[in-house]
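This is a predicted model, so every value here is computed, not measured. Atoms within each ligand, like the ligands themselves, are counted from 1 in listed order.
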Amino acid sequence: MINIILFGPPGSGKGTQASKLAEKYNLIHISTGDLFRYEMSNDTPLGQLAKSFMSEGKLVPDQVTIDMLKAKMERHPDVEGFIFDGFPRTIPQAEALITLLEENGEEILALIALDVDEDEIIHRLTRRGKEAGRADDMDEAIIRNRIQVYRNETQPVYDHFAQFGKSHLIKGVGSIDEIFDGISQVVESRLDNC
Ligand code: ADP
């Protein structure tokens with residue numbers, strides 16, 4: 001299986017690149033943010049819970065997120081692999097993912113981080129807030145909180161996978177195709193080493 005974590009701060013373009021990767025390598029794209037938004041749009045108990053955290057730019061608690069991810073993975077038993085977008089966002093989530101994959105004799109091939117500086121992030125999220133109307137993009141205080149949470153809780157996940165030589169940082173600024181080329185090169189080089 002090809003299991004890839006697409007990593008980076010909010011607004012770094014993970015979703016766009018994850019869709020392209022899923023298509024190229026025939027993988028299932030799992031975005032925990034999209035899964036939560038789907039629950040919210042259906043006003044389920046999980047959606048209501050997620051909304052109370054997301055609307056403040058906080059992370060949804062680990063166990064809730066891990067259980068949702070596990071259920072989603074179990075719905076795709078015969079896949080060629082997964083692209084994880086927006087997960088793992090904490091060290092406990094990273095450990096849970098490693099264990100989940102190990103139970104099936106699988107592992108993460110690479111964590112690919114999109115490098116985008118903070119001014120660009122704020123600019124992109126503010127623009128997305130105006131264009132797409134996502135509540136958590138429309139308020140600068142919430143955006144700043146998400147960036148702070150990313151620095152404190154999520155960035156350590158990069159180092160966690162770096163210990164195993166699996167983390168790769170690539171330039172997240174440029175055209176969509178240029179960035180995708182950078183990602184594809186990492187995937188190809190990791191596949192060559194397997
Ligand atoms: P972005 O990367 O732009 O912040 P996402 O759609 O990935 O957008 O995430 C939106 C929100 O959903 C996060 O701010 C958080 O509240 C919640 N969320 C998404 N993924 C996770 C996760 N793995 N753990 C906890 N909360 C999450």
Taking 4.0 angstrom as the limit, do [X] and [Y] come out as a salt bridge?
X    : Y    : value
D137 : R128 : yes
E118 : R151 : yes
D67  : K70  : no

Per-atom contacts of ligand 1 with [X], taking only distances under 4.0 Å to non-hydrogen atoms:
X   : result
F87 : 23 (N)
Q93 : 22 (C), 23 (N), 24 (N), 25 (C)
T65 : 22 (C), 23 (N), 24 (N), 25 (C)
R37 : 6 (O), 10 (C)
G11 : 3 (O)

Measure the distance from [atom] to every protein heavy atom, then report the residue, atom name and distance (to 0.1 Å) of the closest one.
atom                    : value
atom 26 (N) of ligand 1 : V60 N, 3.1 Å
atom 12 (O) of ligand 1 : M54 CE, 3.2 Å
atom 7 (O) of ligand 1  : R89 NH1, 3.1 Å
atom 15 (C) of ligand 1 : K58 O, 3.6 Å

Original post:
Looking only at heavy atoms of G57, does any of them come nearer than 4.0 Å to an atom of ligand 1?
Top reply: no

Query raised in the report: Backbone or side chain, does any N or O of L125 fall under 3.5 Å from an N or O of ligand 1?
Result: no

Of L125, V116, L6, the one forming a side chain to side chain contact (heavy atoms under 4.5 Å, CB included) with S12 is V116

Contact region, R134 to ligand 1, non-hydrogen atoms below 4.0 Å, reads side chain

Quiz item: cation-pi between K20 and F180, 6.0 Å / 45°: yes

Check: of M40, R128, K14, min heavy-atom distance to atom 3 (O) of ligand 1 comes from R128

Would you call the rings of F84 and F87 parallel, tilted or perpendicular, where under 30° means parallel and over 60° means perpendicular? tilted

Exercise for review: Check the surroundings of atom CD1 in I176: do more than 12 heavy atoms from other residues, nucleotides or ligands lie under 6.0 Å from it?
Suggested key: no

Is it possible for you to say whether I98 and F7 belong to one hydrophobic cluster, with membership spreading through side-chain heavy-atom contacts below 4.5 Å? yes

If we count only N and O atoms by modelled type, under 3.5 Å, do the side chains of E153 and T90 hold a donor and an acceptor together?
no

